[in-house]
Amino acid sequence: MPADRKPLISGNWKMHHNHYEAIQTVQKLAFRLHPDDYEDVDVSVHPPFTNLRSLQTLIDADKLPILLGAQHCHWEPKGAFTGEVSAEMLAKLGVTLVIAGHSERRQLFGDTDELVNKRVKAILAAGMTPIVCVGETLEQREAGETEAVVEDQVRAGLQGLKPDQVAGLVVAYEPVWAIGTGRNATPEDAQAVCAHVRAVVGDLAGRDAAEAVRIQYGGSVKPTNAAELMAQPDVDGALVGGASLDADDFARIVQYRHVT
Ligand code: 13P
């Protein structure tokens, strides 16, 4: 990737780790990472909501250069929405990155492209950075629909944004069949789809935005495959699920440049 796009490696913990485990994991991660790792790579962790305050306190107290992220939010600032959390509430906790439209939210909790777009706008309005997830199912891949599906999701998710807003956000290409299956996309496939995402962003928001937007790959990223995925010119980072739960594994992914 060009030097002006700093890689972003994010750990999406999904519904794992209580707040005690979260503190231990981040302490261990901070112990494993060195100052030059943070210079080369932005690192974020996205724990369940119940851990955010504990991690905010730890990150502030120890001045850790780890970015605090969330996995989801509602689009309204407040209201009668039992069980939901607003983008503004997350921003108050020091959260700077919020995932929107993860395939698990789309498949299990009814997230649609339209709702993803509302969440993206709310995250931006609260001064944070959205990580907009896109990706095809196995069925769609086998039907040769990957590029069309991903393109539709990008267009809908980013609809109505200004070019400078698009330039600052993150798109995560996460093929659904690669999530939690141990089966990652080949570096060539990841590159092809990420390049397509960049082209679609260019069409939507112009060349500067396309050059600036960071595109992550997600789906069974591990210490053993991170380097070859990250070596692709249009892959600017990784959204890591299972392997991010273990501080050693996650640190090795962040340190992908040193893996031989
Ligand atoms: P895995 O790394 O466990 O496949 O999960 C990927 C993912 O969904 C990250 O958001």
Side-chain angles (χ1 to χ4, degrees), residues 7-17 21-22 25-26 29 41-49 51-52 66-73 90 95-109 111 116 119-120 123 128-138 140-141 146 149-150 153-154 157 169-187 189-190 193-194 197 214-230 232 235-256 259:
L8 169 66
I9 298 194
S10 305
N12 173 11
W13 291 358
K14 310 189 180 185
M15 200 169 74
H16 295 284
H17 285 345
E21 294 161 334
T25 305
V26 169
L29 180 65
V41 178
D42 285 336
V43 181
S44 67
V45 291
H46 300 247
F49 289 137
N51 305 349
L52 287 173
I66 294 174
L67 302 169
L68 189 56
Q71 300 174 16
H72 171 68
C73 68
L90 296 174
V95 168
T96 55
L97 291 148
V98 186
I99 298 169
H102 192 280
S103 63
E104 287 150 19
R105 302 289 328 170
R106 292 180 191 260
Q107 294 200 318
L108 305 172
F109 303 104
D111 235 357
V116 173
R119 293 186 214 286
V120 167
I123 295 162
M128 300 180 293
T129 301
I131 299 181
V132 188
C133 297
V134 299
E136 81 287 3
T137 62
L138 186 58
Q140 289 165 332
R141 168 157 286 251
T146 299
V149 167
V150 166
Q153 290 172 334
V154 171
L169 58 74
V170 181
V171 178
Y173 167 54
E174 296 208 302
V176 178
W177 49 269
I179 295 178
T181 58
R183 196 183 147 200
N184 60 285
T186 63
D189 280 346
V193 181
C194 290
V197 168
R214 291 191 287 183
I215 305 175
Q216 294 177 314
Y217 166 79
S220 298
V221 176
K222 296 186 259 329
T224 47
N225 61 20
E228 57 184 16
L229 289 159
M230 293 295 295
Q232 302 305 312
V235 176
D236 307 314
L239 184 53
V240 186
S244 73
L245 297 173
D246 181 274
D248 285 326
D249 282 349
F250 192 47
R252 285 168 64 213
I253 292 172
V254 171
Q255 294 163 338
Y256 68 92
V259 175

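Ligands are counted one by one from 1 in listed order, and the atoms in each one are counted from 1 as well. As the structure is a prediction and not an experimental result, all values here were calculated from the model.
Protein heavy atom in closest approach to atom 2 (O) of ligand 1: Gly241 N, 2.9 Å.
Among all heavy-atom pairs drawn from Gly135 and Val176, the shortest one is O-CG2, 4.0 Å. Minimum heavy-atom separation, Tyr173 to Thr146: OH-CG2, 4.0 Å. Shown here for Trp177 and Thr181, the closest heavy-atom pair between the two residues is O-OG1, 2.9 Å. Scanning both residues, Leu90 and Phe49, for their nearest heavy atoms gives CD2-CE2, 3.8 Å. The minimum heavy-atom distance linking Leu97 with His46 is given by the pair O-CE1, 3.7 Å.
If you run side-chain contact (heavy atoms from CB on, under 4.5 Å) between Ile253 and each of Asp248, Ile9, Leu229, only Ile9 comes through. With Ser44 as the fixed residue, the side-chain contact (heavy atoms from CB on, under 4.5 Å) test singles out one of Val95, Ile66, Leu67: Leu67.
Ligand-side atoms of ligand 1 in range of Glu174: 6 (C), 7 (C), 8 (O), 9 (C), 10 (O), range being under 4.0 angstrom from any heavy atom. Atoms of ligand 1 lying under 4.0 Å from any heavy atom of Leu239, numbered from 1 in the order shown and given with element: 9 (C), 10 (O). Close approach of ligand 1 to Gly242 is summarised as follows: ligand atoms under 4.0 Å from at least one heavy atom of the residue are 1 (P), 2 (O), 3 (O). Close approach to Gly180 involves these atoms of ligand 1, each under 4.0 Å from a residue heavy atom: 1 (P), 3 (O), 4 (O). Short contacts between ligand 1 and Asn12, defined as distances under 4.0 Å to a heavy atom of the residue, involve ligand atoms 9 (C), 10 (O).
Look at Gly218 and you'll find every heavy atom at least 4.0 Å from all atoms of ligand 1. In this structure, Ser220 has a heavy atom closer than 4.0 Å to ligand 1. Contact annotation: Ala178 has at least one heavy atom less than 4.0 Å from an atom of ligand 1. Distances shorter than 4.0 angstrom do not occur between any heavy atom of Lys222 and any atom of ligand 1.
Checked against a 3.5 angstrom limit, the closest N/O atoms of Ile179 and ligand 1 fall outside it. Considering backbone and side-chain atoms alike, Gly219 places every N or O at 3.5 Å or more from each N or O of ligand 1. Every N/O-N/O distance between Ala243 and ligand 1 stays at or above 3.5 Å. Considering backbone and side-chain atoms together, Lys14 places an N or O closer than 3.5 Å to an N or O of ligand 1.
Donor-acceptor pairing under 3.5 Å is lacking for the side chains of His102 and Gln71. Side-chain atoms of Gln216 and Ser10 include a donor-acceptor pair closer than 3.5 Å.
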